[in-house]
Amino acid sequence: MTVRVGVIGAGWIGQDHIRRLTDVVTGAAVTAVTDIDAVRAGEAAARAGARVLATGAELVAADDVDAVLVTSWGPTHAEHVLNAIAAGKPVFCEKPLATTPQDCLRIVEAECAYGRRLVQVGFMRRYDAGYRQMKEVLTSGNIGLPLIVHCAHRNPTVPESYTSAMAAQDTAVHEIDALRWLLDDEIVSAQVITPRATTHRHEHLRDPQIMLFETAGGVRIDLEVFVNCQYGYDIQCETVGEQGLVRLPDPAAVAVRTQGVSGSAVLQDWKARFVDAFDTEFREWIAGIAAGREPSGPSAWDGYAATVITDAAVRSLESGGPVVTVDMKPRPTFYGGAA
């Protein structure tokens, strides 16, 4: 079958996913688009041969929409996801699932009441080949129990609109989800400390930041978030176990030797680094819908957990760096929690 997808939000990421669903993923067709900017919606819809609808609610209710993709402004996500659940339609929501823990819980409760998983959250790192290889190693037990994780998330620059809180909410949130998945463990505390600030930052920004997390199982995580590192987009992750370690590979790149120097290029943005992961993510989402399966990717509960943990990190940052307990509700049995 062809899965007919309606897209809410035609900004950069929405347009890229429309291209992906139209040109890369088989078995999908974008049939409807809506955006607060009607001109932008029309341009995106025209490229996919889709029609433009006035509102997200109208798109969710449309007979020619089997599944919903939410790529609109973050504060609107909860409304659109809840509408999709009420309509019984699978919904893929780019992160964040919602901008507050309370709205995330409303979505969790609505999905539990519906009785079937419909929601998937766009944490693409679970679909990256390197992260999946790390997961296999950790699951196999080859390095023993994980003890420590070292991570870094570096961007060459960020715009002036980027705020200190976004280091957790928009940047570290990807590591937070990936680490919960890799370790199969929950993060229970967060602390953010700030070393000497780079002179390359905008004046209002605290950069870099060092985030320290502890899991329920006692694993300690350190994450460097440095969003004005200048040299490139650099994602690092290393898990140290009792009997060895596993490290995320750098993206493949040719080595060049010239003029007395040997080296390889460093990627400059996240789009190039994770393009294959995005493609795999949507292939698997569409294939699951076509086969009548519930989504297997990051769940509404994962979206809630990420929001609660980033909120704890922001509280630590804003209050000067104390350890903050993550105030997370018990996981419902619907998502694999204890009875």
Checklist entry - Would you find a donor on one side and an acceptor on the other, under 3.5 Å apart, between the side chain of Gln120 and the backbone of Glu281? => result no
Checklist outcome for this item: In this structure, OH of Tyr304 is separated from CE of Met328 (nearest 0.5 Å) by 6.0 Å
Item to check | Asp302/Arg126 salt bridge by N-O under 4.0 Å criterion | outcome: yes
Checklist entry - Could you give the distance from CG (Leu59) to CG (Asn83), rounded to the nearest 0.5 Å? => result 10.5 Å
Checklist entry - With distance as the sole criterion, is a donor-acceptor pair present between the side chains of Tyr231 and Arg154 under 3.5 Å? => result yes
List the atom pairs, donor and acceptor, that lie under 3.5 Å between side-chain atoms in residues 21-30 and the rest of the protein, sequence neighbours left out.
| from | atom 1 | to | atom 2 | distance (Å) |
| --- | --- | --- | --- | --- |
| Thr22 | OG1 | Ile18 | O | 2.7 |

Checklist outcome for this item: Closest non-hydrogen atoms of Val91 and Ala84, given as atom of the first, atom of the second and distance, are CB-CB, 3.6 Å
Item to check | Crowding at CG, Asp222 (>12 non-hydrogen neighbours, <6.0 Å) | outcome: yes
Next on the checklist: For Thr163, is there any backbone N or O sitting under 3.5 Å from a side-chain donor or acceptor partner on His204?
Outcome noted: no
Item to check | Partner residues of His80 under the ring-ring contact (aromatic ring centres under 6.0 Å, His included) criterion, sequence neighbours left out | outcome: none
Checklist entry - Should we say atom NZ of Lys329 is surrounded by more than 12 heavy atoms from elsewhere, each under 6.0 Å from it? => result no
Next on the checklist: Parallel, tilted or perpendicular: which one describes the rings of His153 and His174, with boundaries at 30° and 60°?
Outcome noted: tilted
Next on the checklist: Is it the case that atom CZ in Arg220 sees more than 12 heavy atoms from other parts of the structure closer than 6.0 Å?
Outcome noted: no
Checklist entry - When clusters are formed by joining ILVMFWY residues with side-chain heavy atoms under 4.5 Å apart, either directly or through shared neighbours, do Val119 and Ile8 land in the same one? => result yes
Next on the checklist: Is there a path of hydrophobic side-chain contacts, each under 4.5 Å between heavy atoms of I/L/V/M/F/W/Y residues, joining Met134 to Phe213?
Outcome noted: yes
Checklist entry - Between Thr307 and Gly303, is there a donor-acceptor pair closer than 3.5 Å when you use the side chain of the first and the backbone of the second? => result yes
Checklist entry - Going by atom types only, do Gln236 and Asp250 share a side-chain donor-acceptor pair under 3.5 Å? => result yes
Checklist entry - Any chance CD1 of Ile13 has more than 12 other-residue heavy atoms, nucleotides or ligands included, within less than 6.0 Å? => result yes
Next on the checklist: Looking only at side-chain N and O atoms, does Gln15 offer a donor or acceptor that is under 3.5 Å from a partner on Arg47?
Outcome noted: yes
Checklist entry - Does the separation of the ring centres of His202 and Tyr162 fall below 6.0 angstrom? => result no
Next on the checklist: Applying salt bridge (Lys or Arg N to Asp or Glu O under 4.0 Å) to Asp64 and Arg51, what does each step give before you reach the verdict?
Outcome noted: CA-CA 10 Å; Asp64 60 346; Arg51 64 189 180 120; 3.0 Å; yes
Checklist entry - Quick check: are there more than 12 heavy atoms from other residues, nucleotides or ligands sitting under 6.0 Å from CG of Asp327? => result no
Item to check | Arg19: partners by salt bridge (charged side-chain N to carboxylate O under 4.0 Å, His left out), with sequence neighbours left out | outcome: Asp16
